[in-house]
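One structure below.
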There are 2 protein chains.
Amino acid sequence: MHSPELLKGTLQTIVLKVLKDQGRMYGYEITQRVKDLSDDRILLTEGALYPTLHKLEAEGMLRTETETIGKRVRKYYSLTPQGRSLVKERVSEFIAFIKTMGNVLQVELG
Amino acid sequence: MHSPELLKGTLQTIVLKVLKDQGRMYGYEITQRVKDLSDDRILLTEGALYPTLHKLEAEGMLRTETETIGKRVRKYYSLTPQGRSLVKERVSEFIAFIKTMGNVLQVELG
DNA sequence: GGTTAATACATAAGAGAATTATGCATAAGA
DNA sequence: TCTTATGCATAATTCTCTTATGTATTAACC
């Protein structure tokens, strides 16, 4: 598990990007996907994830559909057009940030 | 200027690394060095920098010497042996984090 | 000679983003 | 049957940083 401080500020970027790649996901699925992609190094906590999803929905970046599997409810999230723009922006920002950090730390990243 | 949230958790790493590279620096000098290396994209605030320096000193990672230039006091910081270990650890952590993020975001970084 | 900007340190109050804790409920596996 | 996994949600707390404030010296401009 990574030192969690570094993760701060990356949650939105992560959520938006995996949603873009997968198309349509529910909360728990997102945590598992990120866990897998990160080799168990990034474990999203529910206390951070759900408020983030709600916020992005409220801002019009995500839309939801509810599905009932058996008696269990799943809330699927997908990107709105605005959300699509935001992903690009966030990912670009992150890449630019890494580039800058590479200069400051004088290391090759990637 | 980068979105400041991404910067969270990187302050110690940045401070330690520039100190390692320069050998001996005072607070204001660190802010200017980072400003230069980052092309004005990372502007360390004093409210964050000084408490961090004090903390690292209290933990035995940094040592200080005070110098008086004219009537102005400068507090020079340099790494202790423990501090040297910490830099390596922090930089490695950061590189590992970036690698992980590359996988999660499915992008080439660096 | 006077004003502004830069240099140089420091700390306190407040904001923001996450962790931790808690709560509820269903389904699967041992 | 009991534990683990699945699935959502929110409140309290913690941590880190920004913003604001305070003090003081030096250089640059007009």
Side-chain angles (χ1 to χ4, degrees), chain A residues 1-16 24-36 38 40-59 62 64-77 90 93-94 97 101, chain B residues 1-16 24-36 38 40-59 62 64-77 90 93-94 97 101:
Chain A
M1 185 61 177
H2 285 297
S3 59
E5 305 93 51
L6 291 176
L7 219 45
K8 295 216 174 189
T10 62
L11 180 55
Q12 267 200 19
T13 307
I14 289 172
V15 167
L16 289 166
R24 186 170 171 277
M25 299 178 90
Y26 54 98
Y28 186 78
E29 194 182 6
I30 294 174
T31 65
Q32 297 309 302
R33 175 78 178 149
V34 172
K35 188 176 184 287
D36 286 352
S38 71
D40 293 6
R41 280 186 271 267
I42 299 181
L43 308 173
L44 301 187
T45 58
E46 297 159 296
L49 177 64
Y50 290 114
T52 295
L53 288 171
H54 300 162
K55 195 187 167 218
L56 288 170
E57 189 187 3
E59 291 169 353
L62 303 179
T64 60
E65 307 158 72
T66 301
E67 251 179 54
T68 307
I69 314 291
K71 285 184 185 175
R72 201 140 65 188
V73 174
R74 279 184 189 166
K75 211 163 149 184
Y76 279 92
Y77 290 87
R90 285 278 188 276
E93 266 176 18
F94 187 76
F97 172 69
M101 284 297 288
Chain B
M1 186 60 176
H2 284 297
S3 58
E5 307 92 52
L6 291 176
L7 221 46
K8 294 220 173 188
T10 62
L11 180 56
Q12 268 200 19
T13 307
I14 289 173
V15 167
L16 289 166
R24 185 171 171 276
M25 300 179 91
Y26 56 97
Y28 185 78
E29 194 183 7
I30 294 174
T31 66
Q32 298 309 302
R33 175 78 178 149
V34 172
K35 187 175 185 286
D36 285 352
S38 71
D40 293 6
R41 280 186 271 265
I42 300 181
L43 307 174
L44 301 187
T45 57
E46 297 159 297
L49 177 64
Y50 290 114
T52 295
L53 287 171
H54 300 162
K55 195 186 168 218
L56 288 170
E57 189 187 4
E59 290 169 354
L62 303 179
T64 59
E65 307 158 71
T66 300
E67 251 179 55
T68 307
I69 313 293
K71 285 184 184 175
R72 201 141 63 189
V73 175
R74 279 183 189 166
K75 210 162 149 185
Y76 279 92
Y77 290 87
R90 285 277 189 277
E93 264 176 20
F94 187 75
F97 172 69
M101 283 297 288

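Computed from heavy atoms alone, side chains included, the values below leave out hydrogens, waters and symmetry copies.
- dA8(C) atom C1' lies 20 Å from atom CZ of Arg33(B), rounded to whole Å.
- To the nearest angstrom, P of dT16(D) lies 17 Å from NE2 of His54(B).
- Using a 4.0 Å cut-off between charged side-chain N and carboxylate O, Glu29(A) and Arg74(A) make no salt bridge.
- With rounding to whole Å, Lys55(B) atom NZ is found 9 Å from dC15(D) atom C1'.
- Rounded to whole Å, the distance from OH on Tyr50(B) to P on dT11(C) is 11 Å.
- Note that OH of Tyr77(A) and CG of Leu53(A) are 4.5 Å apart. Values are rounded to the nearest 0.5 Å.
- One finds the CG atom of Leu11(B) at 9.0 Å from the CG atom of Leu16(B) (value rounded to the nearest 0.5 Å).
- When the nucleotides dG16(C), dC9(C), dA18(C) are ranked by their closest atom to the side chain of Thr52(A), dA18(C) comes out on top.
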| message | For nucleotides 20-30 of chain C, give me one character per nucleotide, 5' to 3': B if any protein heavy atom sits under 4.0 Å from the base, S if the only such contacts are to the sugar-phosphate, - if neither. | response | B-----BS---
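- The salt bridge (Lys or Arg N to Asp or Glu O under 4.0 Å) test applied to Glu59(B) returns Lys55(B), not counting sequence neighbours.
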| task | Tell me, with the steps shown, if Leu43(A) and Thr31(A) meet side-chain contact (heavy atoms from CB on, under 4.5 Å). | result | CA-CA 7 Å; Leu43(A) 308 173; Thr31(A) 65; over 6 Å; no
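- Between Leu53(B) atom CG and dT11(C) atom P the separation is 12 Å, expressed in whole Å.
- The separation between Leu7(B) atom CG and dG16(C) atom P is 17 Å, rounded to whole Å.
- Tyr76(A) contributes atom OH, which lies 13.0 Å from atom OG1 of Thr64(A) (distance to the nearest 0.5 angstrom).
- In terms of phosphate contacts, Lys75(B) brings a side-chain nitrogen or oxygen within less than 4.0 Å of OP1 or OP2 of dA10(C).
- The interatomic distance linking Leu44(A) (CG) with dA17(C) (C1') rounds to 14 Å, in whole Å.
- Nucleotide dA30(C): paired with dT1(D) (Watson-Crick or G-U wobble, both distances less than 3.5 Å).
- Across the protein-nucleic acid pair, Leu49(B) atom CG and dT16(D) atom C1' stand 14 Å apart, rounded to whole Å.
- The side-chain heavy atoms of Leu44(B) and Thr52(B), taken from C-beta on, include no pair separated by under 4.5 Å.
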